[in-house]
Amino acid sequence: MSRITKEYRVILKTLASDDPIVNPYRGIIRSLNPIDETDLSRWEAKIYGPSHTPYENYQFHILIDVPSSYPMTPPRINFEQNDILHCNVKSATGEICLDILKPEDWTPVWDLLHCVHAVWRLLREPVCDSPLDVDMGNIIRCADESAYQGIVKYFLAERERSRYH
Amino acid sequence: MKVKINEVHSVFAWTWQIPSISDEKVTNDKLNDNDENEDVCGICRASYNGTCPSCKFPGDQCPLVIGVCHHNFHDHCIYRWLDTPTSKGLCPMCRQRFQLQKGLAINDAHIQKFVEIVSRRREEMIEEGVAEDFVDFDEPIRQNTDNAIDRSQVDTVLDEDFLLR
């Protein structure tokens, strides 16, 4: 049985549980599933915005490509286009800059749950030293917390508005 | 009373014999017949006593190997990892240089090929001029004794605070 098939079984069991010991991802990962159950190379995930961040009360949509060489090479993980504003994300494409997802830092003991969790942690702890969105990186570097919060909240409010109108 | 035995059916069970590190003895001695409670290979997530995803028959055809760092994998899984340049010759669990423990029957036939592949990785890195990042590389393999590395230390690498850069 391939590694990704084994993972799928564990993911179903983990995320279905209300027991915080079995499912440490409650309140973090809302869902993680293959887009089409017969093709385990394309996945999607929904994560909750971490509390005490401007992302709180919003959900974010993540798209995951699992290459045939997985787990020797990392999965490719992106946000949906124009889904989020963050200094380590290129908003227009959804591209994420996260070290553990780069081939040179990846290790095959990590799995999809670890990766999605790491993306969630990136929302909580932006890394302004290696920004994909230079403007957002600069705002954080200037330590202008309220400007950062304001811009993100404005972006997300607009996002919701354009979705329902 | 006389008992006449007509037929005898023998049933055998086997398991890889892994030298235990003191506190692990209890769990190793317990016989689990359930895949989910058994120790699994960190790379393919299949049981130690099962096979890697590309094999059909467990046992000598899909052996288990034991690292100096006390991390165990299916021979095929860890070799495939070390065969990728991004592995840098390091253990996927603890990122120390991966070598097999000497003097164990289950490792003996495989030691040489791991020495070779890890040196190949090292040569590649010297060529690229990145070898100095790996201080450990030129030291002789640290003593293949059970207490060379404290397990509680090596496992912390995967703690969640190390997930992000």
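Labels below follow one simple rule: chain letters A, B, ... track the order of the sequence lines, proteins then strands, and each chain is numbered from 1.
Interface summary for chain A: among B/Ser54, B/Cys41, B/Cys44, the most heavy-atom pairs under 4.5 angstrom belong to B/Cys44. Of the listed residues (A/Ser2, A/Pro103, A/Pro71), the one with the most heavy-atom contacts under 4.5 Å to chain B is A/Pro103.
With a threshold of 4.5 angstrom between heavy atoms, B/Cys52 does not approach chain A through any atom at all.
Both the sub-6.0 Å distance and the 45° axial angle are satisfied by A/Arg159 relative to the ring of A/Phe60.
Taking the six-membered ring for Trp, A/Tyr48 and A/Tyr55 have ring centres at least 6.0 Å apart.
When atom types are taken as modelled, the side chain of A/Asn23 and the backbone of A/Ser17 share a donor-acceptor pair closer than 3.5 angstrom.
Side chains of A/Asp111 and A/His114: a donor-acceptor N/O pair is present below 3.5 angstrom, by distance only.
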